[in-house]
Amino acid sequence: MPHILVFDSGIGGTSVLSHLKKRLPYARYSYVMDNALLPYGLQSQETIKSRLISLLSWLDNTNQSVDVIVIACNTASTYALDTARQYTTTPIVGVVPAIKPAANSSVRKHIGLLATPATSKNAYTANLISNFASDCQVDIYHTTELVSIAEHFHWHKCIKQDQLRSELDRLNINPGIDKLVLGCTHFPIIKNALKAKLHTDVDLIDSGYAIAKRVEYLLTQHGCTYSGKNMTGVREELLASNQNELTHWYATCTAAIKHCMSVELIKL
């Protein structure tokens, strides 16, 4: 059974985790949230590099056997993915804004990027736009308030409607765009709420599905071909009942986490 580690500053990476579980339901998952420094969109590049290096040290020190690491955070990926890969031989998959598919599928050639300031303003994102959306008008919107709204929704199952409306009013997203890239893994968590308040003909695009495909490919390349196609001996109902048990949760701060959730506190 392959072991996949998913890392984010908070619960945003669960939007990627859900795609992974759909595509690779027989894998074992570890989910690590560095919520002591939530949101990463307000952290410096050097701080994020240091945290990823610390994550890899923690994996070594605790003898965690991981087949693939998913950095399920656009800011961490665009800031520190190359640095992290220098400290491990374990394959690392990063999440970057889905600029290319948005540009390719845009009819109006007018797209938007909704991301944290750290992601929307960095050189990596600028290069994505230059390389893959040079034929498009790209409007950039940065926010950390939506991260907070998504965190609250995840833990309390309700949207702060007034807060969401106020933030979208501030962002003033151009109604002329036909594709809006969700450049933070927190944002797909509130995708339905966002869609309800934006104009109806805009498509909201994220990277979750593509990341799951990439992880599956890497596992296959490394001989970890565990999937529903070749695990016929595993009963579907048993898999469904044990899905949560196949995920181990870690956090660097447990103060804001609901008491009903089993989370192991770690230090990075």
Side-chain angles (χ1 to χ4, degrees), residues 1-34 39-41 48 52 55-56 59 66-85 88 90-105 113-116 118-120 122 124-125 127-128 131-133 147 150 154 179-191 203-222 224-228 243 246-249:
M1 179 182 292
H3 183 190
I4 301 167
L5 183 138
V6 180
F7 177 79
D8 186 28
S9 61
I11 51 77
T14 59
S15 67
V16 176
L17 181 64
S18 64
H19 283 282
L20 288 166
K21 285 184 173 183
K22 287 177 183 177
R23 197 165 193 94
L24 298 160
Y26 300 93
R28 179 165 63 96
Y29 294 92
S30 291
Y31 188 92
V32 180
M33 50 188 134
D34 187 15
Y40 267 13
I48 292 174
L52 287 185
L55 170 71
L56 297 173
L59 285 174
V66 174
D67 295 292
V68 177
I69 298 169
V70 179
I71 307 300
C73 172
N74 286 268
T75 299
S77 296
T78 55
Y79 264 178
L81 190 59
D82 290 340
T83 297
R85 284 173 172 156
T88 183
T90 302
I92 301 179
V93 177
V95 178
V96 299
I99 298 294
K100 183 177 180 179
N104 287 345
S105 61
L113 168 63
L114 183 64
T116 65
T119 298
S120 60
N122 70 33
Y124 190 103
T125 301
N127 286 336
L128 284 177
N131 292 335
F132 300 115
V147 174
H154 178 84
K179 309 291 177 182
L180 181 63
V181 178
L182 302 182
C184 172
T185 54
H186 277 82
F187 300 163
I189 294 172
I190 55 172
K191 185 175 184 176
D203 291 329
L204 307 184
I205 299 176
D206 66 82
S207 304
Y209 178 78
I211 296 304
K213 283 185 63 178
R214 177 62 179 168
V215 170
E216 182 182 44
Y217 170 79
L218 288 173
L219 290 174
T220 302
Q221 291 297 104
H222 287 78
C224 300
T225 54
Y226 294 86
S227 71
Q243 186 63 253
L246 295 175
T247 305
H248 199 117
W249 300 83

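Just so it is clear, the structure is predicted and the values come from calculations on it, not from any experiment.
Under the 3.5 Å distance criterion, the side-chain polar atoms of Tyr124 are left unmatched by any main-chain donor or acceptor of Ser77. Asp67 places a side-chain N or O within 3.5 Å of a backbone atom of His3 that can act as its donor or acceptor partner. Without hydrogens or angle criteria, Arg28 side chain to Met1 main chain gives no donor-acceptor distance under 3.5 Å. Counting only distance, with no hydrogens or angles, the side chain of Thr125 and the backbone of Ser120 share no donor-acceptor pair below 3.5 Å. Asp206 places no side-chain N or O within donor-acceptor distance of the main-chain N or O of Leu182, the cut-off being under 3.5 Å.
Distance check: Trp249 CH2 to Leu17 CG gives 5.5 Å after rounding to the nearest 0.5 Å. Here Ile71 contributes atom CD1 and Thr78 contributes atom OG1; the two are 11.5 Å apart, rounded to the nearest 0.5 Å. A distance of 12.5 Å separates CG in Leu114 from CD1 in Ile205, rounded to the nearest 0.5 Å.
Under the side-chain contact (heavy atoms from CB on, under 4.5 Å) rule, Val181 has a single partner from Leu128, Ile99, Asp203, which is Ile99. Test Ile92, Leu52, Leu56, Val70 against Phe7 for side-chain contact (heavy atoms from CB on, under 4.5 Å) and you get one pass: Leu52.
Partners of Ser15 under the side-chain contact (heavy atoms from CB on, under 4.5 Å) rule, at least two apart in sequence or in another chain, are Thr185, Pro188, Ile189.
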(request) Starting from the C-alpha separation in whole Å, work towards a yes-or-no answer on side chain to side chain contact (heavy atoms under 4.5 Å, CB included) for Arg23 and Tyr209. (result) CA-CA 9 Å; Arg23 197 165 193 94; Tyr209 178 78; 3.7 Å; yes
